[in-house]
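As the structure is a prediction and not an experimental result, all values here were calculated from the model. Indexing begins at 1, ligand by ligand and atom by atom, following the structure's order.
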Amino acid sequence: MAAKDATAIHEEFGGDRLPPGQRRTDRFPVLSKSGTPSWDVETWRFTVTGAVEDDLDLSWSAFLDLPAETQRQDFHCVTGWSRFDNEFTGVTFPTIADEAGVTDDAVHVLFRSMDGYSTDLPLSECMREEVLFAWELDGQPLPSDHGGPLRVVTPHRYAYKGAKWVTGVEFLTEPRRGYWEQRGYSASANPWNEERYDTW
Ligand SMILES: Nc1nc2c(c(=O)[nH]1)N[C@H]1C(S)=C(S)[C@@H](COP(=O)(O)O)O[C@H]1N2
Ligand SMILES: [Mo]
């Protein structure tokens, strides 16, 4: 599948390709709050709940039947490294939102993962083609340390906004903070503004 180039996203935020305070690496470090969870293709489910017309509850094969695309994207970790030109294959967030039918009162989104991780974003920050539920990296199944079988990627935000091992999306009628957001990391997480931490 030919990759769409999403690496010019920094232009929208008026910044350089390498955001301030970041250094480029060709390695792909693993950052997880705890270990890598195991999964079973027979029992894995992906659910969409909350402010939607139809809840979704998809098996692995049903998820893979959704329309997919490949995008070349950059990845910015809040700890200071950026990795350019990752080719992720998956389903866009707007595709999932359309499947479920988001209701007018939805303003925010909470992603949930198999390891107990969660992260949140305003709905408007999710309704972008670049927000992918990805199962392949550079043409290979997404490595389990990097969130396989399925993770979210958010090239317009620091990478903690992309839930690895994602299994649930909840549409919310008011904001709720995720795992790192409750522990002081920025709710907005724009790398070009260096939104790393929130102070209360
Ligand atoms: N489920 C889950 N997703 C997660 C995390 C986690 O601990 N658990 N860590 C986040 C953080 S802090 C970062 S920087 C990226 C790291 O992704 P990587 O390990 O593929 O580099 O995943 C994010 N998504
Ligand atoms: Mo992180």
Ala159: numbered ligand 1 atoms lying under 4.0 Å from its heavy atoms
15 (C), 22 (O), 23 (C)

Mark the output for Arg83 as yes if a heavy-atom distance to ligand 1 is under 4.0 Å, and as no if none is.
no

For ligand 1, is Tyr185 a contact, meaning one of its heavy atoms is under 4.0 Å away?
no

For atom 6 (C) of ligand 1, what's the nearest protein heavy-atom neighbour? Residue, atom name and distance, please.
Tyr117 CD1, 3.6 Å

Those atoms of ligand 1 less than 4.0 Å from some heavy atom in His146:
18 (P), 19 (O), 20 (O), 21 (O)

Are Ser38 and Trp165 close enough, and set up right, to give a side chain to side chain contact (heavy atoms under 4.5 Å, CB included), and what steps lead you there?
CA-CA 9 Å; Ser38 57; Trp165 313 297; over 6 Å; no

Can you list the atoms of ligand 1 that are under 4.0 Å from a heavy atom of Phe28?
20 (O), 21 (O)

Does the residue Tyr158 have a heavy-atom contact with ligand 1, meaning some pair of atoms that are separated by less than 4.0 Å?
no

With no hydrogens and no angle check, is any side-chain donor or acceptor of Ser113 less than 3.5 Å from a backbone partner on Gly116?
no

Examine distances only and state if a side-chain atom of Lys164 and a backbone atom of Val152 form a donor-acceptor pair shorter than 3.5 Å.
no

Phe75 near ligand 1, heavy-atom distance under 4.0 Å?
yes

Given that the side chain starts at C-beta and the backbone is N, CA, C, O, which of these parts of Pro29 lies under 4.0 Å from ligand 1, counting heavy atoms, or is it both or neither?
backbone

Do other residues, nucleotides or ligands put more than 12 heavy atoms under 6.0 Å from the CD atom of Glu53?
yes

Kindly say whether His146 contributes a backbone atom to a donor-acceptor pair with the side chain of Arg151 at under 3.5 angstrom?
yes

May I have the step-by-step check of salt bridge (Lys or Arg N to Asp or Glu O under 4.0 Å) for Asp5 and Arg72, ending in yes or no?
CA-CA 5 Å; Asp5 185 7; Arg72 190 163 61 254; 3.6 Å; yes

At a 4.0 Å threshold, what atoms of ligand 1 neighbour a non-hydrogen atom of Trp81?
21 (O)

Check whether Gln22 reaches the backbone of Cys77 with its side chain - one donor and one acceptor, N or O, closer than 3.5 Å.
yes

According to a hydrophobic-cluster definition based on side-chain heavy atoms being under 4.5 Å apart (Ile, Leu, Val, Met, Phe, Trp, Tyr only), do Leu31 and Val153 belong together?
yes

So, Asp16 side chain and Leu18 main chain: donor-acceptor pair closer than 3.5 Å or not?
no

Closest protein heavy atom (residue, atom, distance) for atom 7 (O) of ligand 1:
Lys33 N, 2.7 Å

Would Ile9 and Phe133 show up in the same hydrophobic cluster when neighbours are defined by side-chain heavy atoms closer than 4.5 Å?
no

Give the atoms of ligand 1, by number and element, whose distance to some non-hydrogen atom of Trp165 is under 4.0 Å.
1 (N), 2 (C), 8 (N)

Go through Tyr185 and Tyr158 one step at a time and tell me if the ring-ring contact (aromatic ring centres under 6.0 Å, His included) criterion holds.
CA-CA 10 Å; Tyr185 282 89; Tyr158 287 123; 8.9 Å; no

Which protein non-hydrogen atom lies closest to atom 16 (C) of ligand 1, naming both residue and atom, and how far is it?
Leu31 O, 3.6 Å

Nearest non-hydrogen protein atom, atom 8 (N) of ligand 1:
Asp115 OD2, 2.7 Å

Counting non-hydrogen protein atoms only, what is the nearest one to atom 3 (N) of ligand 1? Give residue, atom name and distance.
Lys164 N, 2.9 Å

Where ligand 1 meets Trp180 - atom numbers and elements under 4.0 angstrom, heavy-atom basis
12 (S)

For atom 17 (O) of ligand 1, grab the closest protein heavy atom and report residue, atom and distance to one decimal in Å.
Arg151 NH2, 3.3 Å

Does ligand 1 have an atom that lies less than 4.0 angstrom from a heavy atom of Gly162?
yes

Let me see the working for Glu130 and Arg157 under salt bridge (Lys or Arg N to Asp or Glu O under 4.0 Å), right down to the final yes or no.
CA-CA 11 Å; Glu130 303 86 3; Arg157 295 294 178 249; over 6 Å; no

If we only count N/O pairs under 3.5 Å, is Ser113 in contact with ligand 1?
yes

Under 4.0 angstrom from ligand 1, any heavy atom of Phe111?
no

Under 3.5 Å: donor-acceptor pair, side chain of His156, backbone of Glu125
yes

Can you report which non-hydrogen protein atom sits closest to atom 14 (S) of ligand 1, along with the distance?
Cys77 SG, 3.4 Å

